[in-house]
Amino acid sequence: MNLEEERPSWDEYFLMLAKLAATRSTCLAFPVGAVITKNRQVLATGYNGSPSGSAHCTTQGFCYPGLSSCDASKILPSRAVHAEANAIAKAAKHGISTAGASIYVTLEPCIYCLKLVIAAGIREVFYETTFNSGEKAALRDTFISEGIVELKQIQLSEDTAKKAALFLLNPTSVSKNLV
């Protein structure tokens, strides 16, 4: 078997990193992870959750008193800083340019994050799960037709996911001769 066929594609690799980042999420409604890349290098990662210094929803067990999660209210805004915004902010905080970069996210960026992604100079968005619909999808499609951003839905192959699970569950830096 060709060893190259056993390796995840670059898209799968970066999506898996975004999925790992999502495990750090402190949001009760949507655990989301993001990875900004350029020239096959990771520039920054982010996940969604309360702003630094604010109580985590997962710690207190609710977003707002009486609500199990932010999406349980049509009035109150989400307390979370979205994964894309956190990744962009982390890059900015450390002086890392995102111009011409790509971003991998576990959930299609909301319209506000998509505008932030575009403003940060990120031109490619790879996402796992669709989010926008209706008028929001129409606005997203306008940005795409204007050529200012490209969006592509991607998935992990079952083989890649199974191999990744084995790597996560077992020691990886062990000689295959000892196993």
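Numbering starts at 1 and runs along the sequence shown.
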task = Could you tell me whether the side chains of S145 and T142 share a donor-acceptor contact shorter than 3.5 Å?
result = no
query = Would the number of heavy atoms belonging to other residues, nucleotides or ligands and lying under 6.0 Å from CD of E135 be above 12?
reply = no
inquiry  = Quick check on K162: does its NZ atom have over 12 non-hydrogen neighbours (other residues, nucleotides or ligands) under 6.0 Å away?
reply    = no
ask   = Which residue pairs pass the ring-ring contact (aromatic ring centres under 6.0 Å, His included) test with at least one member in residues 11-61, sequence neighbours excluded?
value = W10-Y13, W10-F14, F14-Y104
ask   = Considering all heavy atoms of both residues, which atom of A87 and which atom of A34 are nearest to each other, and what is their separation?
value = CB-CB, 4.3 Å
ask   = So which heavy atom on S50 is nearest to which on R79, and how close?
value = OG-NH1, 3.3 Å
inquiry  = Do I154 and V35 sit in one hydrophobic cluster, given that two such residues count as connected whenever their side-chain heavy atoms are within less than 4.5 Å of each other, even indirectly?
reply    = yes
For [X], give me all partners under salt bridge (Lys or Arg N to Asp or Glu O under 4.0 Å), at least two apart in sequence or on another chain.
| X | value |
| --- | --- |
| K90 | none |
| E12 | none |
| K38 | none |

request  = Output the distance between atom CG (L20) and atom OG1 (T106), rounded to the nearest 0.5 Å.
outcome  = 11.0 Å
task = Kindly indicate whether the side chain of T160, heavy atoms from C-beta on, has any atom under 4.5 Å from the side chain of R7.
result = no
query = Got a sec, which hydrophobics cluster with I118, joining ILVMFWY side chains under 4.5 Å apart, including via others?
reply = I36, L43, I88, I96, I103, V105, I111, L114, L116, V117, I122, V125, Y127, L139, F143, I144, I148, V149, L151
request  = Go through the structure and list residues passing side chain to side chain donor-acceptor pair (under 3.5 Å) with E124, not counting sequence neighbours.
outcome  = S102
